[in-house]
Amino acid sequence: QVHLVESGGGSEQSGGSLRLSCTASGYGFSLYCMAWFRRAPGKEREGVASIDRGGNPTYADSVKARFTIHRDNAVNTLYLEMNSLKPEDTALYYCAVNTHTIGCRGASLNENEYTYWGQGTQVTVSS
């Protein structure tokens, strides 16, 4: 059974940094594309960053040069390093895995491609 558990959220001031982690189990972690999404209050869920099997990332324009996604296949964990945080980064952050394609190349930010989701971790950035 696929299980994704996010951690690392919290409250931070504008300009600060946080690192989110997503620990995965129940599937071949290294084989699939993974991603981080977020849902801000009153807004739809949006893709933040994704990573393919080879470690190649894709970023939303809003987080480019501030956020870094990476994965450690040895410990089945996905990370999101968030720097230069802004109040508009306040949201519930989710990790997700796309188990449709083994050995994926080129991860997308389309939530419809992702099959399993974690429960989310809250990030709050104050000005």
For the CG atom of Asn76 and the OG atom of Ser30, what is their distance to the nearest 0.5 Å? 8.0 Å

Partner residues of Arg53 under the side-chain hydrogen bond (donor to acceptor under 3.5 Å, both in side chains) criterion, sequence neighbours left out: none

Can you find a pair of side-chain heavy atoms, one from Tyr32 and one from Thr101, that are under 4.5 Å apart? no

Give the minimum heavy-atom separation between Pro57 and Ile69, together with the two atoms involved. CB-CG2, 3.6 Å

Hydrophobic cluster identity match, Ile51 and Ile102, side-chain contacts under 4.5 Å: yes

List for me each residue that meets side-chain hydrogen bond (donor to acceptor under 3.5 Å, both in side chains) alongside Asp72, sequence neighbours excluded, and say none if there are none. none

Minimum heavy-atom distance between Ser126 and Pro87, given as atom pair plus value: C-CG, 4.5 Å

For Asp52, salt bridge (Lys or Arg N to Asp or Glu O under 4.0 Å) partners two or more places apart: none

Shortest non-hydrogen contact from Ala60 toward Leu109: N-CD1, 3.6 Å

Using the test side chain to side chain contact (heavy atoms under 4.5 Å, CB included), find all partners of Thr124 that sit at least two apart in sequence or belong to another chain. Ser11, Thr90, Gln122

Hey, are the side chains of Glu6 and Leu20 touching, using non-hydrogen atoms and a 4.5 Å cut-off? no

Spell out, yes or no, whether Val5 and Tyr27 are grouped together once hydrophobic residues are joined by side-chain heavy atoms under 4.5 Å, including indirect joins. no

Pair Ser17-Asn83, side chain to side chain contact (heavy atoms under 4.5 Å, CB included): steps then yes or no: CA-CA 4 Å; Ser17 299; Asn83 299 311; 2.8 Å; yes

Please evaluate residues Trp36 and Leu78 with respect to the criterion side chain to side chain contact (heavy atoms under 4.5 Å, CB included), reporting the C-alpha separation (whole Å), side-chain torsions for both, the decisive distance (0.1 Å), and the verdict. CA-CA 9 Å; Trp36 288 97; Leu78 178 73; 3.4 Å; yes

Give me the atom names and distance for the closest heavy-atom approach of Ser127 to Ser14. CA-CB, 4.1 Å

Here the ring-ring contact (aromatic ring centres under 6.0 Å, His included) pairs for residues 105-127, sequence neighbours left out, are Phe37-Tyr114, Phe37-Trp117

Say you draw a straight line from CZ of Arg66 to CG of Leu85; how long is it, rounded to the nearest 0.5 Å? 6.5 Å

Is there any salt bridge (charged side-chain N to carboxylate O under 4.0 Å, His left out) pair reaching into residues 24-43, and which pairs are they, with sequence neighbours excluded? Arg38-Glu46, Arg38-Asp89

Considering non-hydrogen atoms only, spot the tightest contact between Ala24 and Phe29 and give its length. CB-CD1, 3.5 Å

Among all residues two or more places apart in sequence or in another chain, which pass the salt bridge (Lys or Arg N to Asp or Glu O under 4.0 Å) test with Lys86? none

For residues 103-113, which residue pairs pass the salt bridge (charged side-chain N to carboxylate O under 4.0 Å, His left out) check, not counting sequence neighbours? Arg45-Glu111

Thr58 side chain to Ala107 main-chain N or O, any donor-acceptor pair under 3.5 Å? yes

Can Val48 be reached from Leu18 by stepping across I, L, V, M, F, W or Y side chains whose heavy atoms are under 4.5 Å apart? yes

Met34 and Leu4 have their tightest heavy-atom pair at CE-CD2, 4.0 Å

Residues pairing under ring-ring contact (aromatic ring centres under 6.0 Å, His included) where one sits in residues 42-77, two or more places apart or in two chains, turn out to be His70-Tyr79

Mind checking side-chain hydrogen bond (donor to acceptor under 3.5 Å, both in side chains) for His100 and listing every partner two or more places apart, or none if nothing turns up? none

Only pairs at least two apart or in different chains count here, so list each disulfide bond (SG atoms under 2.5 Å apart) that has a residue in residues 55-127. Cys22-Cys95, Cys33-Cys104

With sequence neighbours left out, the residues meeting side-chain hydrogen bond (donor to acceptor under 3.5 Å, both in side chains) with Thr99 are Thr115

